[in-house]
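One structure is given here, and the rest of the page talks about it.
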There are 4 protein chains.
Amino acid sequence: MASHRPVTLRKEPSQRRSKDLVDIIVKATTRVLLKEGYEGCTTNRVAEVAGVSIGSVYQYFPNKESLVVRVMERHQEKLFAAMSEHLATLQDATLEQAAKTLVRAMLDAHRVEPRLHRVLREQVPRIGALKALHERYSAYEPMVTAWLETHRDQLGPSEPGVATWVLIAAVDGVLGRVLVDRPGWLEQEQLAQELERLIVAYLRGARA
Amino acid sequence: MASHRPVTLRKEPSQRRSKDLVDIIVKATTRVLLKEGYEGCTTNRVAEVAGVSIGSVYQYFPNKESLVVRVMERHQEKLFAAMSEHLATLQDATLEQAAKTLVRAMLDAHRVEPRLHRVLREQVPRIGALKALHERYSAYEPMVTAWLETHRDQLGPSEPGVATWVLIAAVDGVLGRVLVDRPGWLEQEQLAQELERLIVAYLRGARA
Amino acid sequence: MASHRPVTLRKEPSQRRSKDLVDIIVKATTRVLLKEGYEGCTTNRVAEVAGVSIGSVYQYFPNKESLVVRVMERHQEKLFAAMSEHLATLQDATLEQAAKTLVRAMLDAHRVEPRLHRVLREQVPRIGALKALHERYSAYEPMVTAWLETHRDQLGPSEPGVATWVLIAAVDGVLGRVLVDRPGWLEQEQLAQELERLIVAYLRGARA
Amino acid sequence: MASHRPVTLRKEPSQRRSKDLVDIIVKATTRVLLKEGYEGCTTNRVAEVAGVSIGSVYQYFPNKESLVVRVMERHQEKLFAAMSEHLATLQDATLEQAAKTLVRAMLDAHRVEPRLHRVLREQVPRIGALKALHERYSAYEPMVTAWLETHRDQLGPSEPGVATWVLIAAVDGVLGRVLVDRPGWLEQEQLAQELERLIVAYLRGARA
DNA sequence: GATGAATGAGTTTTCATTCAT
DNA sequence: CATGAATGAAAACTCATTCAT
């Protein structure tokens with residue numbers, strides 16, 4: 001189904017000039033992705049927007065997918081940076097503070113480049129890519145799990161690993177849907193509060 | 001970006017023979033979607049798999065998208081049927097029972113044809129379609145909201161409308177992620193329990 | 001180049017009902033030709049507009065071209081009728097009267113259904129058909145030639161046969177161009193006068 | 001009816017190689033147009049005859065029509081060149097000389113590539129194209145009008161502008177018909193004489 | 001005869017990718 | 001290294017025509 005093709009750079013750009021080149025191409029890909037969507041994101045168009053010859057694109061990127069993957073990676077890095085700042089303060093937080101922190105972190109992540117985020121989520125149809133997105137996106141899971149483990153006494157019956165996974169999937173699911181169906185809500189305090197409540201309640205655990 | 005093309009049938013199949021034809025074509029589309037993904041789902045391939053001439057496909061379907069939309073609609077109908085059975089019992093349920101019901105309903109929906117569900121979620125990149133999917137998918141929201149409204153006293157501070165939206169987005173988000181990253185979990189009791197706990201806790205509401 | 005396919009009716013419609021049918025189809029073809037042009041004039045569209053099944057169309061017309069040819073023939077008949085009335089009075093006319101008559105005749109012919117006339121001239125690309133158009137269109141040439149032969153003494157040096165041909169081609173050329181480039185002129189007296197002058201002058205003949 | 005699609009080149013061929021390419025394609029289009037007519041002139045056939053990949057055709061030509069338009073333009077240029085030579089001598093001509101010049105000019109134009117000329121006239125059914133053809137074709141009208149204006153005293157009652165238009169339409173009509181119905185006449189001196197007579201007579205003006 | 005569902009060869013056009021310059 | 005002309009497989013879609021009912 002998903003034929004597996006290479007998505008890594010053909011060669012690491014070593015010199016200054018080639019680094020710039022790769023950068024320009026990735027930025028152009030982003031721009032095209034935003035303006036024309038995934039379907040409209042043709043390699044020739046990217047080259048044109050980058051002001052670079054199509055040959056130069058293929059010098060570094062083995063195929064079209066690798067371009068998009070690279071855009072995703074860049075985006076992830078930014079997300080991760082945005083979240084890390086928040087999550088660094090997690091360790092000594094109370095449950096309420098932790099929830100607040102996590103929500104702010106994920107909201108901030110979604111605010112980095114919401115339109116790009118949305119395009120990447122919706123329009124990038126390749127399975128492999130989507131999975132990769134999830135994996136990298138969850139690179140901070142361990143931080144959350146760690147916190148849960150050191151606060152197990154205050155928590156309900158869920159396993160820290162599972163709870164982390166469920167929590168992040170849930171919050172991310174809500175945010176993803178907000179992005180598509182209710183973009184305005186991203187800036188509303190009420191959304192943050194609902195999500196905090198969701199987290200606190202779930203973690204504190206209501207025994208049935 | 002998302003050029004809007006018609007997605008309704010060219011003409012309603014009236015005779016027996018044409019109804020069968022449309023049915024065969026939709027089934028073939030499903031099969032191709034499953035085996036080759038959205039990108040591999042070409043009109044010619046669909047015709048071939050359906051054992052029907054390409055012209056016959058275009059007799060009823062104005063374009064490729066309309067094929068996929070039709071598959072989605074069929075799937076929705078099945079989902080909705082699967083959920084409705086469960087949700088019919090909602091009205092007099094306690095909070096715990098309601099949570100259980102909702103989770104079973106959504107789990108069942110995801111079990112109807114999980115691989116198709118996944119492909120439709122992941123591989124159908126067209127915005128319009130995705131939104132339509134959400135809308136139809138949420139046709140049962142009112143039932144949940146209704147329940148919430150009649151049990152407001154047992155609930156936390158969230159508005160019923162908002163709570164429904166958040167809840168469904170959250171559970172759906174988790175299930176969607178399960179589908180992609182942990183397909184095995186669909187059959188595990190633990191997942192259901194976590195989700196029930198999530199729902200009950202959120203609704204009962206933990207005041208900070 | 002122009003593959004020669006049959007353009008005559010499959011069978012003469014004998015019964016009243018079939019005559020009506022053929023008539024309806026031809027009228028529908030005309031309508032489609034006018035509204036959508038030659039390219040948009042598909043057999044299925046014609047059948048639809050005629051409110052008749054496509055099978056019925058092929059019952060009488062062996063192929064698409066034959067439809068258009070039939071429209072042309074009908075149009076010719078009308079033209080011819082329109083002209084004949086005028087030309088019947090030709091025999092005893094003076095040169096000036098004859099010119100006037102000829103011009104009125106051809107103008108009237110072009111006024112019968114100018115838009116259809118134009119479409120037939122411009123949009124019907126088939127050589128065979130065009131030639132047939134010319135031939136039938138010139139069915140009245142003999143009348144003109146006859147007049148010329150009985151008034152040879154008043155005329156310049158041109159051969160009656162050649163003069164007729166040239167004259168008709170010239171006037172028709174002007175009118176065809178008027179139809180395309182200056183449709184408004186069709187109703188202007190000045191055009192008629194210019195053409196009369198052209199005819200009289202040419203026939204009276206200016207010896208160099 | 002006449003959907004308006006772009007007919008200009010996608011990009012100007014700059015390098016030697018691409019200029020040749022465009023040239024080869026246009027020539028191939030001409031050849032196909034001549035051999036198979038407009039209907040048979042498919043882009044794939046053109047590419048094949050040009051010995052070029054279909055992709056290369058679409059590199060420069062946005063669609064099929066633009067190919068034909070380009071052929072027309074080339075033809076016009078040749079016509080115009082052929083006529084200009086003759087018409088350059090018009091200014092000091094007597095009426096008889098002017099008529100001769102005009103006829104020679106138009107005859108020469110029709111002799112440049114009579115079969116192509118005929119195909120372009122007959123087989124190019126698109127309205128826009130036909131009008132454009134007329135306009136470009138009449139680029140020399142002003143020269144004729146200018147001559148008429150400086151020789152008004154020798155002329156009959158017609159307005160120079162109108163007279164030019166009528167004259168050219170008439171002669172062109174005759175020649176067009178010759179092309180289709182009597183191709184042999186193109187080389188006959190008698191045709192030229194008739195046309196000269198037509199022109200002189202009309203311009204000198206026979207008052208009714 | 002009439003119907004209209006079904007056909008499928010044939011069109012236009014795109015776009016990832018290569019490779020000669 | 002960079003260029004961008006050239007490639008061509010493959011996609012979406014049309015429409016004249018047939019033929020089973």
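Letters A, B, ... are given to chains in the order of the sequence lines, protein chains preceding strands, and every chain is numbered from 1.
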Taking the side chain as every heavy atom from C-beta outward, state whether B:Cys41 and B:Thr29 have any pair of such atoms under 4.5 Å apart. yes
Check whether any side-chain nitrogen or oxygen of [X] sits under 4.0 Å from OP1 or OP2 of [N], and answer yes or no.
{"X": "D:Tyr58", "N": "E:dT13", "value": "yes"}
{"X": "B:Arg10", "N": "F:dT14", "value": "yes"}
{"X": "D:Lys11", "N": "F:dA5", "value": "yes"}

Measure [atom1]/[X] against [atom2]/[N] and give the value in whole Å, please.
{"X": "D:Leu67", "N": "E:dT11", "atom1": "CG", "atom2": "C1'", "result": "14 Å"}
{"X": "D:Glu48", "N": "F:dT7", "atom1": "CD", "atom2": "P", "result": "14 Å"}
{"X": "A:Asp20", "N": "F:dC1", "atom1": "CG", "atom2": "P", "result": "13 Å"}
{"X": "B:Gln59", "N": "F:dA16", "atom1": "CD", "atom2": "P", "result": "13 Å"}
{"X": "B:Glu39", "N": "F:dA9", "atom1": "CD", "atom2": "P", "result": "20 Å"}
{"X": "C:Glu36", "N": "F:dT14", "atom1": "CD", "atom2": "P", "result": "14 Å"}

Closest nucleotide of DNA chain E for B:Gly51 versus for C:Ser53: which of these residues is on the 5' side?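 Of the two residues, C:Ser53 wins.
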B:Arg45 with B:Glu48: basic N within carboxylate O range, under 4.0 Å: yes
Can A:Glu73 and A:Arg70 be counted as an ion pair, charged N to O under 4.0 angstrom?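 Salt bridge between A:Glu73 and A:Arg70, a charged N being under 4.0 Å from a carboxylate O: yes.
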State which of [options] makes the closest approach to the side chain of [X].
{"X": "A:Ser56", "options": "F:dT3, F:dA12, E:dT13", "answer": "F:dT3"}
{"X": "A:Thr42", "options": "F:dA11, F:dT14, E:dC15", "answer": "E:dC15"}
{"X": "B:Lys64", "options": "E:dG8, F:dA12, E:dT13", "answer": "F:dA12"}
{"X": "D:Thr43", "options": "F:dC13, E:dT12, F:dT7", "answer": "E:dT12"}
{"X": "A:Tyr60", "options": "E:dA5, F:dC1, F:dA6", "answer": "F:dC1"}
{"X": "A:Ile54", "options": "E:dG1, E:dT18, F:dT7", "answer": "E:dT18"}
{"X": "A:Asn63", "options": "E:dT17, E:dT3, F:dT3", "answer": "E:dT17"}

Nucleotide pairing, DNA chain E (Watson-Crick or G-U, distances under 3.5 Å), in dot-bracket with [ ] and |: .||||||||||||||||||||
Assuming nearest nucleotide by heavy-atom distance, tell me which of B:Gly55 and B:Arg45 is located more 5' along DNA chain F.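 Going by which nucleotide is closer to the 5' end, it is B:Arg45.
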How is D:Phe61 classified with respect to the nucleic acid when contacts are heavy atoms under 4.0 Å: base, sugar-phosphate, or nothing? nothing
Tell whether A:Asn44 reaches the base of E:dA16 with its side chain through a donor-acceptor pair below 3.5 angstrom.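 Check passes, donor-acceptor contact within cut-off.
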C:Lys19 charged N/C atom sitting above C:Tyr60 aromatic ring, 6.0 Å / 45°: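 Cation-pi check for C:Lys19 and C:Tyr60: fails.
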